[in-house]
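Worksheet: one structure, shown below.
Just follow the structure's listing: the first ligand is 1, and inside any ligand the first atom is 1. Computed from heavy atoms alone, side chains included, the values below leave out hydrogens, waters and symmetry copies. As the structure is a computational prediction, the values presented were derived from the model and not from experiment.
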Amino acid sequence: MAPNSYSLATRLPLPLATNNNLTIPAIHLGVYLMSSREASRAVRAALSSGYRAIDSAQMYRNERDCGKAISDWLGDSSLNTAGLRREDIFFTSKLASNSTDYDTVRNSIRQSIKTCGLGYIDLFLLHSPYGGKQARLTSWRAVEDAVADGEIKIGGVSNFGVKHLEELVASKPQTLPAVNQIEVHPFNTRTGITEFCQSKGIVVEAYAPLARALRMKHPVIAELSRKYSCTPAQLMVRWSLQHGFVPLPKSVSEERIRANGRVESFEIEGGDMQKMDGLDEYLVTDWDPVDAP
Ligand SMILES: NC(=O)c1ccc[n+]([C@@H]2O[C@H](COP(=O)([O-])OP(=O)(O)OC[C@H]3O[C@@H](n4cnc5c(N)ncnc54)[C@H](OP(=O)(O)O)[C@@H]3O)[C@@H](O)[C@H]2O)c1
């Protein structure tokens with residue numbers, strides 16, 4: 001892997017044949033816990049820094065702010081100097097909470113599209129496996145139909161454990177989720193889930209890729225940041241990319257947004273990747289639905 005293979009402009013192929021050669025940007029800006037004002041400013045800063053993907057959710061209550069900031073940025077020729085269009089930006093949203101019934105999911109997707117004002121959603125995720133087996137399978141069928149009807153480009157899941165994915169595979173769906181978005185960072189490597197996803201051609205999106213800034217001063221992180229002349233956040237983003245994950249670093253600071261995406265100038269050596277893998281302590285920074293019944 002060439003050291004410069006992951007710039008903000010990199011798009012990765014989605015491995016499933018069913019996804020019609022669609023691609024996904026390598027790094028997304030996460031916008032969880034951002035107020036309206038913060039989300040608008042962060043999206044604008046991210047797009048100006050070269051990000052092409054924003055990760056929102058119904059639960060974050062900032063789909064409207066993100067969508068408007070994207071549209072405004074695209075329409076402002078002093079910012080959008082490359083003349084990018086809607087299709088050059090990748091917008092993700094997620095179902096409000098639990099998996100549920102068919103009509104609720106379909107209506108909820110249509111509501112998200114209306115709220116963000118972007119015409120369609122690139123990636124829509126079932127936010128969690130909560131709700132039980134029947135709700136998961138029905139909700140997934142609703143996502144598949146929304147893709148078939150052109151409302152969303154790609155369907156995926158979030159916080160699904162191996163058990164939930166196996167259950168979906170066993171139900172013989174028309175397509176598998178293209179993405180499983182889970183908490184992954186060196187302090188919670190979730191190898192069982194990531195290996196299962198990668199074996200099935202499901203892209204792992206890494207949420208909380210910076211471990212919510214809880215381990216920035218860890219001695220191994222500090223030592224390797226010095227070695228690679230990068231920040232702890234850049235080291236963790238790079239670790240994620242080198243594992244083949246799609247990291248979603250969040251920041252409200254323009255400077256940190258820009259820096260978090262600048263990871264093309266170094267490559268973590270194999271032994272150092274292993275050292276970082278060894279930091280696993282099952283650190284959960286938010287909720288942890290992967291074992292939900
Ligand atoms: N699907 C799910 O269930 C789920 C759950 C959680 C998160 N997510 C997604 O994943 C995204 C990222 O996760 P996250 O927001 O929980 O955590 P994160 O990205 O790991 O960490 C964000 C924290 O790190 C700080 N930070 C950012 N850059 C930094 C830097 N260079 N140096 C020091 N501190 C820095 C941020 O503060 P500042 O903002 O002040 O910079 C913030 O406190 C979310 O925004 C969301 O889109 C999804």
Side-chain angles (χ1 to χ4, degrees), residues 25 27-35 37-43 45-46 49 51 53-63 65-66 90-99 116 121-131 156-161 164 177 179-190 193 197 203-218 221-222 225 228 230-241 245-263 279 283-292:
I27 302 173
H28 302 203
L29 176 76
V31 297
Y32 184 34
L33 298 176
M34 286 193 196
S35 66
R37 192 176 148 81
E38 285 172 337
S40 304
R41 294 168 72 144
V43 168
S49 302
Y51 287 74
I54 307 296
D55 182 81
S56 183
Q58 293 172 355
M59 212 188 258
Y60 304 171
R61 299 182 179 274
N62 55 25
E63 291 171 294
D65 311 294
C66 292
F90 191 99
F91 182 69
T92 300
S93 193
K94 315 181 190 89
L95 187 70
S97 50
N98 294 3
S99 296
C116 73
I121 287 175
D122 294 272
L123 173 63
F124 191 86
L125 306 175
L126 299 181
H127 209 146
S128 86
Y130 290 138
V157 296
S158 179
N159 295 298
F160 271 42
H164 308 122
V179 164
N180 186 20
Q181 182 180 123
I182 51 174
E183 175 164 359
V184 185
H185 44 72
F187 302 93
N188 192 349
T189 57
R190 298 206 191 262
I193 305 178
C197 288
V203 170
V204 173
E205 285 193 345
Y207 79 65
L210 312 178
R212 281 264 175 102
L214 294 171
R215 297 286 185 275
M216 294 296 192
K217 295 198 168 125
H218 188 285
I221 299 294
S225 303
Y228 292 102
C230 65
T231 66
Q234 287 169 327
L235 185 76
M236 287 195 253
V237 168
R238 186 75 207 188
W239 174 90
S240 204
L241 290 164
F245 311 146
V246 171
L248 321 167
K250 172 262 175 186
S251 179
V252 293
S253 142
E254 190 165 343
E255 196 187 329
R256 290 193 287 275
I257 288 171
R258 196 177 318 112
N260 292 347
R262 294 254 158 92
V263 293
L279 299 176
L283 173 68
V284 171
T285 61
D286 201 75
W287 60 347
D288 194 19
V290 298
D291 292 320

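Residues passing the ring pair (Phe, Tyr, Trp, His ring centres under 6.0 Å) test with Phe160 are His164, sequence neighbours excluded. Shown here are the side-chain hydrogen bond (donor to acceptor under 3.5 Å, both in side chains) partners of Arg215, two or more places apart in sequence or in another chain: Glu281. For Ala211, the side-chain contact (heavy atoms from CB on, under 4.5 Å) test picks out His185, Phe187, Leu283, with sequence neighbours left out.
When atom types are taken as modelled, the side chain of Arg238 and the backbone of Val263 share a donor-acceptor pair closer than 3.5 angstrom.
Closest approach of Ala233 and Leu210 over heavy atoms only: O-CD2, 3.7 Å.
The ring-ring contact (aromatic ring centres under 6.0 Å, His included) with His28 is formed by just one residue from the set Tyr207, Phe90, Phe91; it is Phe90.
Contact residues of ligand 1 (protein heavy atom closer than 4.0 angstrom to a ligand atom; sorted by chain and number): Gly30, Val31, Tyr32, Asp55, Tyr60, Lys94, His127, Ser158, Asn159, Gln181, Tyr207, Ala208, Pro209, Leu210, Ala211, Arg212, Ala213, Met216, Ala233, Leu248, Pro249, Lys250, Ser251, Val252, Arg256, Asn260, Trp287.
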